[in-house]
Amino acid sequence: MTSDEIPPVTGATKVLAILGRPIEHALSPLIHNAALRSAKSDTIFIPFSPTEADLEMCLRGLVAGGCAGLCITIPYKTAVVPLVDHLDASAVATGAVNTVAVDQDLQLTGYNTDVDGVLLCYRSLPAKPRKRGLLLGAGGAARAAVAAIARTDIEHLTIVNRTISKAETVKDDFADADLTIDTAEFQDQEIRQLCADADLLVNTTSVGMYPKGDAMPVPPEVMHPGLDVIDAIYRPQPTRLCQEAINAGASALAGVDWIIGQGVAAMKYWTGLDADEAAMRKAITEFLGRQ
Ligand code: NAP
């Protein structure tokens with residue numbers, strides 16, 4: 001990076017922050033600083049790593065000091081829910097907050113922009129009618145996926161999880177969603193039939209994540225041209241699941257698109273800016289390429 005690309009930090013510079021622990025591997029500082037540089041905004045985005053005991057003090061201290069907005073990451077996405085003044089519908093639906101916006105009166109609103117990330121991926125897939133979805137996983141990312149899928153034309157969703165009781169809990173928590181949900185176990189024959197019937201596969205398990213990038217959450221031979229894929233995993237790029245989907249003639253979007261989508265939505269809530277997606281993508285792709 002050349003020195004003229006680095007905005008000078010002055011007394012007028014605004015601050016955005018991310019809270020998580022550990023924080024060293026977070027990708028949000030990369031994408032948000034890239035978007036802020038592209039917009040020539042006099043704002044920097046910096047990481048903080050409070051202990052759980054100090055989370056509230058850190059959040060309130062940053063806001064009192066003028067922090068214009070915050071990103072919340074693992075393990076604090078649920079711990080921060082009771083610390084904000086208002087919850088957006090996305091945070092209520094998922095029970096988790098990954099974005100905190102600060103208004104003029106220092107009132108805090110919590111959002112879950114992972115929902116926007118999934119929606120951005122869905123809308124980037126070729127437009128065609130899709131009725132049946134298959135969701136792998138039942139953790140935090142899965143909840144964001146269910147909230148997003150409920151806002152698409154998908155009518156029926158099957159949640160498959162290694163621990164079936166967690167899938168049942170997600171199903172119960174989304175009982176009011178505009179979606180028929182059922183659950184299934186990771187059993188080979190059932191997975192094959194579910195994949196054959198589905199129009200969309202969303203992977204929110206960590207299967208296929210670096211360094212086990214060759215692993216697949218479903219057998220590769222179940223991929224077919226009608227089964228488009230959204231994969232939460234961002235490393236390796238592309239994931240094997242996405243590559244197998246593309247090889248089978250389907251479309252696929254991976255975790256990088258999801259990260260960019262959640263970041264674009266967060267930037268809008270914090271600053272009103274339409275973030276430069278291409279700058280975000282370049283920053284994250286170059287960074288992951290160096291790993
Ligand atoms: P989480 O709450 O810990 O959930 C992990 C999920 O993966 C659970 O459903 C778990 O099943 C399943 N799982 C883990 N190992 C498995 C295995 N060997 N076989 C089958 N299932 C397995 O984590 P999360 O926050 O939902 O995140 C899940 C993944 O999504 C991570 O890789 C994370 O990096 C990624 N993610 C990406 C983005 C993005 O912006 N791209 C955003 C959020 C998350 P059990 O319930 O049985 O343990």
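- Here Trp270 pairs with His32, Phe45 under the ring pair (Phe, Tyr, Trp, His ring centres under 6.0 Å) rule; sequence neighbours left out.
- Remark: Asp114 engages Lys77 in a salt bridge, criterion side-chain N to carboxylate O under 4.0 Å.
- The salt bridge (Lys or Arg N to Asp or Glu O under 4.0 Å) test applied to Glu185 returns no partner, not counting sequence neighbours.
- Without hydrogens or angle criteria, Thr10 side chain to Ala12 main chain gives a donor-acceptor distance under 3.5 Å.
- Pairs passing the salt bridge (Lys or Arg N to Asp or Glu O under 4.0 Å) check and including a residue from residues 8-17, sequence neighbours excluded, do not occur.
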Show your reasoning for whether side chain to side chain contact (heavy atoms under 4.5 Å, CB included) applies to Thr94 and Val115.
CA-CA 9 Å; Thr94 55; Val115 179; 3.9 Å; yes
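- There is no path of hydrophobic side-chain contacts, each under 4.5 Å, that joins Val202 to Met216.
- Between Ile23 and the options Ser28, Pro50, Ser49, a side-chain contact (heavy atoms from CB on, under 4.5 Å) holds for only Ser49.
- Looking at heavy atoms from C-beta onward, Leu83 lies out of side-chain contact with Leu108 at the 4.5 angstrom threshold.
- Within a 6.0 Å sphere centred on NZ of Lys40, other residues, nucleotides and ligands contribute 12 heavy atoms or fewer.
- Applying the salt bridge (Lys or Arg N to Asp or Glu O under 4.0 Å) test to every pair with at least one member in residues 47-56, sequence neighbours left out, gives these pairs: Glu56-Arg60.
- Identified under the salt bridge (Lys or Arg N to Asp or Glu O under 4.0 Å) test for residues 85-97, with sequence neighbours left out: none.
- Each side chain to side chain donor-acceptor pair (under 3.5 Å) pair with one or both residues in residues 216-226, not counting sequence neighbours, appears once here: Arg192-Glu221.
- With a 4.5 Å cut-off on side-chain heavy atoms, Leu253 and Val229 do not count as touching.
- Residues forming a ring pair (Phe, Tyr, Trp, His ring centres under 6.0 Å) with Tyr234 (at least two apart in sequence, or on another chain): none.
- Between Asp199 and Lys131 there is no salt bridge, since no side-chain N of the basic residue sits under 4.0 Å from a carboxylate O of the acidic one.
- The shortest distance between side-chain heavy atoms of Thr73 and His25 does not fall below 4.5 Å.
- The distance from the OG1 atom of Thr285 to the CZ atom of Arg290 is 11.0 Å, given to the nearest 0.5 Å.
- Under the side chain to side chain donor-acceptor pair (under 3.5 Å) criterion, Asp257 pairs with Arg281, not counting sequence neighbours.
- At a threshold of 4.5 Å between non-hydrogen side-chain atoms, the residues Val100 and Thr109 do not count as touching.
- Remark: the backbone N or O of Asp116 is not paired with any side-chain donor or acceptor of Thr113 at under 3.5 angstrom.
- The OG1 atom of Thr99 lies 8.0 Å from the OH atom of Tyr269; values are rounded to the nearest 0.5 Å.
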Given Leu19 and Leu59, is the side chain to side chain contact (heavy atoms under 4.5 Å, CB included) satisfied, shown in steps?
CA-CA 8 Å; Leu19 309 186; Leu59 173 72; 4.2 Å; yes
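- Contacts of Asn203 classified as side chain to side chain donor-acceptor pair (under 3.5 Å), with partners at least two apart in sequence or in another chain: Thr205, Asp231.
- Here the side chains of Ser41 and Thr271 are not in contact, with every heavy-atom distance at 4.5 Å or above.
- Tyr76 and Val84 fall within the same hydrophobic cluster, where Ile, Leu, Val, Met, Phe, Trp and Tyr residues are linked whenever their side-chain heavy atoms come under 4.5 Å apart, directly or through other members.
- The heavy-atom pair separating Leu134 from Cys195 by the smallest distance is CD2-SG, 3.6 Å.
- Side-chain heavy atoms closer than 4.5 Å link hydrophobic residues (I, L, V, M, F, W, Y) into clusters, and following such links, even through other members, never connects Val15 to Leu36.
- Here the shortest heavy-atom pairing between Asp42 and Pro8 reads OD1-O, 3.9 Å.
- Using a distance-only test at 3.5 Å, with no hydrogens or angles considered, no donor-acceptor pair links the side chain of Arg130 to the main chain of Ile154.
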Let me have the donor-acceptor pairs involving side chains of residues 175-182, under 3.5 Å, with sequence neighbours excluded, atom names and distances please.
{"residue": "Asp182", "atom": "OD1", "partner": "Thr158", "partner atom": "OG1", "Å": "2.7"}
{"residue": "Asp182", "atom": "OD2", "partner": "His156", "partner atom": "NE2", "Å": "3.4"}

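- Between the side chain of Gln262 and the main chain of Ile259, a donor-acceptor pair closer than 3.5 Å is present.
- A pairwise comparison of heavy atoms in Ala252 and Leu125 identifies N-CD2, 4.2 Å as the closest pair.
- Here Cys71 contributes atom SG and Leu27 contributes atom CG; the two are 10.5 Å apart, rounded to the nearest 0.5 Å.
- A donor-acceptor pair is defined here as one N or O able to donate and one able to accept, closer than 3.5 Å; such a pair exists between the side chain of Thr204 and the backbone of Leu136.
- Contact of the Val207 side chain with the Val218 side chain is not registered, since no non-hydrogen atoms from C-beta on lie closer than 4.5 Å.
- Annotation: side chain of Gln107 is in contact with side chain of His86 (closest heavy-atom distance under 4.5 Å).
- Taking 4.5 Å as the limit, some side-chain heavy atom of Lys166 sits within range of a side-chain heavy atom of Thr163.
- In terms of hydrophobic clustering, with Ile, Leu, Val, Met, Phe, Trp and Tyr side chains grouped at heavy-atom distances under 4.5 Å, Ile46 and Ile284 are assigned to different clusters.
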List the steps and the verdict of side chain to side chain contact (heavy atoms under 4.5 Å, CB included) for Leu70 and Leu62.
CA-CA 9 Å; Leu70 299 105; Leu62 283 165; 3.9 Å; yes
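- Distance check, rounded to the nearest 0.5 Å: CG of Leu194 to CD of Gln187 gives 10.5 Å.
- Closest heavy-atom contact between Gly110 and Ala91: O-CB, 3.6 Å.
- Here the side chain of Thr152 pairs a donor or acceptor atom with the backbone of Ile149 at under 3.5 angstrom.
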Are Val146 and Val170 close enough, and set up right, to give a side chain to side chain contact (heavy atoms under 4.5 Å, CB included), and what steps lead you there?
CA-CA 9 Å; Val146 178; Val170 176; 4.0 Å; yes
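- Here the closest non-hydrogen pair linking Met223 and Ala245 is CE-CB, 3.8 Å.
- Cation-pi geometry between Arg235 and Tyr210 is met: under 6.0 angstrom from the ring centre, within 45 degrees of the axis.
- At a cut-off of 3.5 Å, with distance as the only test, no side-chain donor of Ser90 or Asn112 sits close to an acceptor on the other residue.
- In this structure a side-chain-to-backbone donor-acceptor pair under 3.5 Å is present from Asp276 to Ala279.
- Thr183 meets the side chain to side chain donor-acceptor pair (under 3.5 Å) test with Glu168; sequence neighbours excluded.
- Hydrophobic clustering, with ILVMFWY side chains joined whenever heavy atoms are under 4.5 angstrom apart, groups Trp258 together with Ile159.
- Here the closest heavy-atom approach between residue Met280 and residue Gly263 is recorded as CE-C, 3.9 Å.
- The side chain to side chain donor-acceptor pair (under 3.5 Å) check on Tyr122 picks up Asp153, with sequence neighbours excluded.
- Distance NZ/Lys171 to CD1/Ile164: 9.5 Å, rounded to 0.5 Å.
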